[in-house]
Amino acid sequence: DNRVVLARKEGEELLFYILAAYKPYAGKGLDSAPIHMHHPITGIKRFYSNLVVFGENSHSLIEGTSPINYARIPISDTVGCNHPKGIVNVPLKEFGLEFVFFPNKQGFFRFDGRSSVDVSEDVRDLWDDIDFDYPVTAAYCARTFEIYISYYSTANSNYKHSLVYNVLYN
């Protein structure tokens, strides 16, 4: 699906648009309907055929296939992510599953389509060392089922540290 996403602020309204790609050979233009967001957008990630839209302290699921049926489903008003490069899509095709993992100050979360669960219990000691004033990035390796998280330490922010999270064993 080749769609363009646009977020903008109109007065006090935070609006999110999903635009159909322009197809000049078909004579079609852009179509969209505004989706009213209740938080500034800090990150967006694909989830199956939908989108997870993050704010610093909240996140929502955008479902639908056309402007007629786009819908914003609030997931959390207390858990969000302000590190967009730390949000990672994890397709477990072998099991017919897909997840979105993301970091925030409270922990490392797994979104399953309806709720987000803190999965950082096994790495709590290391998690408390992350300095969230600096960028947190993540990448998923499908061959090893591992998410590699890079961050700066609160003890020493002169160089990056790494944390490995195994999706299957945690």
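Being a predicted model, the structure only gives us computed values, none of them experimental.
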_Single-linkage hydrophobic cluster Val167~Leu97, side-chain heavy atoms < 4.5 angstrom_ =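 Result: yes, single cluster for both.
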Is [Y] close to [X] at the side-chain level, that is, under 4.5 Å between some pair of heavy atoms?
X	Y	answer
Met37	Arg72	yes
Arg46	Glu98	yes
Tyr151	Lys160	no
Phe99	Val119	no
Asn50	Ile62	no
Phe95	Leu168	yes

To the nearest 0.5 angstrom, please state how far the [atom1] atom of [X] sits from the [atom2] atom of [Y].
X	Y	atom1	atom2	result
Phe132	Thr154	CZ	OG1	10.5 Å
Ile147	Leu163	CD1	CG	10.0 Å
Thr137	Lys85	OG1	NZ	8.0 Å
Thr144	Asn166	OG1	CG	7.0 Å
Asp131	Ser153	CG	OG	7.5 Å
Ile149	Ser162	CD1	OG	9.5 Å

Over all atoms of both residues, closest heavy-atom pair of [X] and [Y]:
X	Y	value
Ile87	Cys81	CG1-SG, 3.7 Å
Phe111	Ser116	CD1-OG, 3.4 Å
Ser120	Gly107	OG-CA, 3.4 Å
Val136	Ile130	CG2-CG2, 3.9 Å

*asked:* Here's a test for you: under ring pair (Phe, Tyr, Trp, His ring centres under 6.0 Å), which of Tyr140, Tyr165, Phe109 qualifies with Phe102?
replied: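 Exactly one option meets the ring pair (Phe, Tyr, Trp, His ring centres under 6.0 Å) with Phe102, and it is Phe109.
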*How would you list, by chain and number, every residue that makes a salt bridge (Lys or Arg N to Asp or Glu O under 4.0 Å) with Arg114, sequence neighbours excluded?*
Glu63
*Is there a donor in the side chain of Ser58 and an acceptor in the side chain of Asp77, or the other way round, less than 3.5 Å apart?*
no
